[in-house]
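So the structure is just underneath, and the comments pick up after that.
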2 protein chains.
Amino acid sequence: MLVRINTAPRMSIDGHLAALAGEGMCYSEFRYRRGLEIFGEGEEPEYVYQIVSGAVRTYKLLPDGRRQINAFHLAGDMFGFENEAIHRFTAEAIVETHAHLMRRSSILEAVRNGGAGTKDLIKFVTQNLAHAESHMLLLGRKTSLERVTAFLLEMDERLHHPDVMILPMSRRDIADYLGLTLETVSRALSILRDEGLLRFDGNTQRRLELVDRDALAKIDA
Amino acid sequence: MLVRINTAPRMSIDGHLAALAGEGMCYSEFRYRRGLEIFGEGEEPEYVYQIVSGAVRTYKLLPDGRRQINAFHLAGDMFGFENEAIHRFTAEAIVETHAHLMRRSSILEAVRNGGAGTKDLIKFVTQNLAHAESHMLLLGRKTSLERVTAFLLEMDERLHHPDVMILPMSRRDIADYLGLTLETVSRALSILRDEGLLRFDGNTQRRLELVDRDALAKIDA
DNA sequence: TCCCGAGCTTGAGCCGGATCAATCCCGGCT
DNA sequence: AGCCGGGATTGATCCGGCTCAAGCTCGGGA
């Protein structure tokens, strides 16, 4: 399952994990192959993760298989922190992913000792909450076109407005994030393309270029 | 706007606010009339609130008026904490509500000083996040009947399984919480009543009795 | 006591997104 | 170069929840 590519603990030099537990804390680096489960809903949390490269989806399932993806995590993002003794969702690598791992117990202890990283931890959880709240607005009240547009703008922002956006996730992943079906996502993208707001870039359908960000922002109510 | 009913600072004896900032912290008690806005989305956060009695809805609006209620807050619940310098949503009293207020700056300072309440603050934000995550699953993937059932079971639990549940919120509020219309909520309740899983209690439509909680739990996928 | 208005229920018809079903496209393999 | 398979697009039809509309219920006030 896990592919350990660096067993020797290393010092954290920058990034959130370092901020959380302070310098001098150590972590390991792991690699997860495309599609691999990183942890499962209900499992006992052992680590907190920061992505070095790759992409991760976190999701919940209903008993009959319906899936809701909470969030996508990209390079630099942290995920997997749990306050209670249980993972509230499953995490999977969307593509080959490298991540730094730090023991959850270290984080909790740092908080207990009034460590400097406490503020960062609160900030981290609060940002997740803010994201979840705006996603509830999307899921409860936006149309399919608004949802897909919002998704594109979110990814555009998180990828720092690249000329060509390379999406690591499939149409099905996008659909399960937006509370739609993959066909509806595909249709919405086609509409935006036909309206000239975006271009499918060349060969593959996961590379696309936002041509008119202002117009997209207007669609996203 | 605010109706101050107790200007003299009082000591906190129990509850979350006390835990947050430690004993010796003071707070005021305010009363909000039915329908009154407690704070608005985008405003600068000044207080953190704990409900003594009553009920509060927190929500976001789209420009055209579509509304998504994030959460209902009942007696004993805390709400309104912000890490950043802005309120992410609006809060309104659903019915006449009494609340304890504590200055946000006190909380932040307590965290800065490594106060004992820090752990409670993290727990508070994390619980909100957990609620938001399961609500995303509801909004993204559940049917109308499942949503209404989940709502009833949530309220039943939070009101400690009363014989007769008295809902403070309207059908429209429930609908805006569940991402439905008020008609659909009403129809779902009628179905559950016709199936014998709940009873409308006598005179008013906001009093209801859950007759078969197990059957309801089965419906909520 | 009666009336009024807000909230709720119920009905009829419609529509946006789901479902079912072909292709199509591209990457990877031989 | 040709083949194969998974992902994406597009089309046709369906249906769950929305919209529009009428009528009911209950609480409050004159």
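So that the names make sense, note that chain A is the first sequence line, chain B the second, and so on, each numbered from 1. Quick caveat: nothing in here was measured; it's all calculated off a predicted structure.
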For B:His161, give me all partners under ring-ring contact (aromatic ring centres under 6.0 Å, His included), at least two apart in sequence or on another chain. none

Under 4.0 Å from any heavy atom of chain B: name the first and the last nucleotide of DNA chain C that qualifies, 5' to 3'. C:dG7 to C:dA12

Who passes ring-ring contact (aromatic ring centres under 6.0 Å, His included) against A:Phe72, sequence neighbours left out? A:Tyr177

To the nearest 10 degrees, how far apart in direction are the end axes of the helix from C:dT1-D:dA30 to C:dT30-D:dA1, each fit to five base pairs? 30°

Can you sort out the partners of B:Asn128 under side-chain hydrogen bond (donor to acceptor under 3.5 Å, both in side chains), two or more places apart, ordered by chain and number? none

B:Arg158 bridged to B:Asp77 by N-O distance under 4.0 Å: yes

Going by side-chain hydrogen bond (donor to acceptor under 3.5 Å, both in side chains), name the residues that satisfy it together with B:Lys142, two or more places apart in sequence or in a different chain. B:Asp220

Find the distance B:Asp201:CG to D:dC26:C1' and express it as a whole number of Å. 14 Å

Return the set of residues passing side-chain hydrogen bond (donor to acceptor under 3.5 Å, both in side chains) with B:Thr126 (not counting sequence neighbours), or none when no residue passes. none

Return the value, rounded to whole Å, for the distance between atom CZ of B:Arg67 and atom P of D:dC18. 15 Å

What string of B, S and - do you get for nucleotides 2-17 of chain D, 5' to 3', if B is base contact, S is sugar-phosphate-only contact and - is no contact with any protein heavy atom under 4.0 Å? -----SSBBBB----S

Under the rule for ring-ring contact (aromatic ring centres under 6.0 Å, His included), what residues qualify as partners of A:Phe39, not counting sequence neighbours? A:Tyr49, A:His87

Those residues at least two apart in sequence (or on a different chain) that pass side-chain hydrogen bond (donor to acceptor under 3.5 Å, both in side chains) with B:Arg147 are none

Sequence neighbours excluded, every pair satisfying salt bridge (charged side-chain N to carboxylate O under 4.0 Å, His left out) that has a member inside residues 40-51 of chain A: A:Glu46-A:Arg103

Any side-chain hydrogen bond (donor to acceptor under 3.5 Å, both in side chains) involving residues 186-201 of chain A? Give me the pairs, sequence neighbours left out, ordered by first then second residue. A:Arg199-A:Glu209

